[in-house]
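A, B, ... follow the sequence lines: proteins, then strands. Residue 1 opens every chain.
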2 protein chains.
Amino acid sequence: MGLMSEPRWLSDEEQRVWRDFSAAVSMLRAHLEGQLQRDSGMPHTYYEVLVVLSEAPGRVLRMSDLALATRSSRSRLSHAIARMEANGWVRREACPTDKRGAFAHLTPGGLAALEEAAPGHVEAVRASLFDPLTPEQVKQLGEISSAVIANLTPRCAEAAREELENLDGDG
Amino acid sequence: MGLMSEPRWLSDEEQRVWRDFSAAVSMLRAHLEGQLQRDSGMPHTYYEVLVVLSEAPGRVLRMSDLALATRSSRSRLSHAIARMEANGWVRREACPTDKRGAFAHLTPGGLAALEEAAPGHVEAVRASLFDPLTPEQVKQLGEISSAVIANLTPRCAEAAREELENLDGDG
DNA sequence: TGTTGTTACTTGAGGGCTCAACCAACTGGG
DNA sequence: CCCAGTTGGTTGAGCCCTCAAGTAACAACA
């Protein structure tokens, strides 16, 4: 422990921003999740799956691609698709060329559920996020989000590489 | 359906911003939650409870006040405190003046767990959120967050917010 | 061919969250 | 005092998520 570098704490302003950001995100999340759950009986992750599937050509996607597009783990998606299949929103199909693979296919019922849910959800997003912001702030939020994504994306690859090195036994 | 007003959809830019913001938040969340879980064996909500308790005078808070300060439901907090008590991080105490009430008291073990977890977590917050942003963007993010909070905070909770601010200084 | 490694996906256990129901204690009006 | 209404907090069921382990199929190569 003695060799560890001194942690860089947050300035007063950073601390204030972090707490407000944290609060804003948790309130937004609770608000949108609750709206979707109450009005359409689905968690937000399922809604995202429906959206991505509905935009895919043929309304079909490989599980892996769907997981990637929704930033979900394979496991999470697998559980989710199991339940959505039970709901009649989605149908699993075997992949003919790669027998390990599975397709997730949006059913008419799934599309209907999405079309039923979408207006209320979009309205909630608008009312809770965009309405209180000026157009300038919307633009700023977009740039901030892009910067965060760009910064966090290579970091994932880096963590994966370290993991690999540790498994091999370091050189 | 015929009488419902037409939904206001999102513009192209709003849609792009919403998707980026959504992705950024989910990546940030996953990153920070994972870091805290791996390095300190606690979910982020428990960390927040420890922080708030550690800053409270006497390191004690009524369950209700703690729930407010952490933007948590009573139920969630009750479950959380139960587990944190089992971990030895917190101790429940009865309230002498109102026998329904309960205090949550931070234990030395809980404080130690927090002090152990804090540097790594702060570093992760800095690295994933503040480092990729310019000082100007940090300021913008603070203003955006405040606007969202103000918009989402129901009027009935305004008194509660003031109450929270007074928890420190009022004694 | 077999063997090793990787990829695609599933499964089960365990933990956290929400919701609704609940109990117990305080409050206020008769 | 009584009794309804409210408040503070807990509990259990059900759901979603994560993690680790497992299965099955592909790929590379001796």
(request) Using the rule that two of Ile, Leu, Val, Met, Phe, Trp, Tyr join whenever any of their side-chain heavy atoms come within less than 4.5 Å, decide whether A/V60 and A/L53 are in one cluster. (result) no
(message) Hydrophobic clustering (ILVMFWY, side-chain heavy atoms < 4.5 Å, transitive) - are B/L111 and B/Y47 grouped together?
(response) yes
(message) Could you tell me how far apart A/E93 (CD) and C/dA8 (C1') are, to the nearest whole angstrom?
(response) 17 Å
(message) Tell me which residues in residues 60-73 of chain A lie within less than 4.0 Å of DNA chain C, going by non-hydrogen atoms.
(response) A/R62, A/M63, A/S64
(message) Pick the closest DNA chain C nucleotide for A/A30 and for A/F103 by heavy atoms, then say which residue is nearer the 5' end.
(response) A/F103
(message) Please check if the number of heavy atoms outside B/R29 that lie under 6.0 Å from its CZ is greater than 12.
(response) no
(request) For A/R92, answer base if it contacts any base atom (sugar-phosphate contacts may also be present), sugar-phosphate if it contacts only those atoms, and nothing otherwise; contact means non-hydrogen atoms under 4.0 Å. (result) sugar-phosphate
Report, one pair per line, the protein and nucleotides 20-29 of chain D atoms (nitrogen or oxygen only) whose separation is under 3.5 Å.
residue: D/dC26; atom: OP1; partner: A/K99; partner atom: N; Å: 2.8

(request) For the residue pair B/H44 and B/H121, categorise the inter-ring angle as parallel (less than 30°), tilted (30 to 60°) or perpendicular (more than 60°). (result) tilted
(request) Determine whether the side chains of A/T45 and A/R76 contain a donor N or O and an acceptor N or O closer than 3.5 Å. (result) no
(request) State plainly whether the residues B/E14 and A/R126 are in salt-bridge range, i.e. N to O under 4.0 Å. (result) yes
(message) Between B/R16 and B/D12, does any NZ, NE, NH1 or NH2 come within less than 4.0 Å of an OD or OE carboxylate oxygen?
(response) no
(message) Please give me every residue in residues 36-50 of chain A whose heavy atoms get under 4.0 Å of an atom in DNA chain C, ordered by residue number.
(response) none
(request) Whole angstrom is fine here: how far is it from CZ in A/R76 over to P in C/dT11? (result) 18 Å
(request) Rounded off to whole Å, could you give me the CZ-to-P distance for the B/R83 and C/dG14 pair? (result) 11 Å
(message) I need the minimum non-hydrogen distance between B/A104 and B/M63, along with the two atoms involved.
(response) CB-SD, 4.1 Å
(message) Both B/R74 and B/H79 contact DNA chain D. Taking the nearest nucleotide for each, which residue is further toward the 5' end?
(response) B/R74
(message) Using whole Å, what does the distance between atom P of nucleotide C/dT10 and atom CG of A/L77 come to?
(response) 8 Å
(message) Do the side chains of B/R92 and B/E85 get close enough for a salt bridge, i.e. N-O under 4.0 angstrom?
(response) yes
(message) Is the ring pair B/W18/B/F21 parallel, tilted or perpendicular, if the boundaries are 30 and 60 degrees?
(response) tilted
(message) Check this for me, if you would: do B/R19 and A/E55 make a salt bridge, where the nitrogen-to-carboxylate-oxygen distance has to be below 4.0 angstrom?
(response) yes
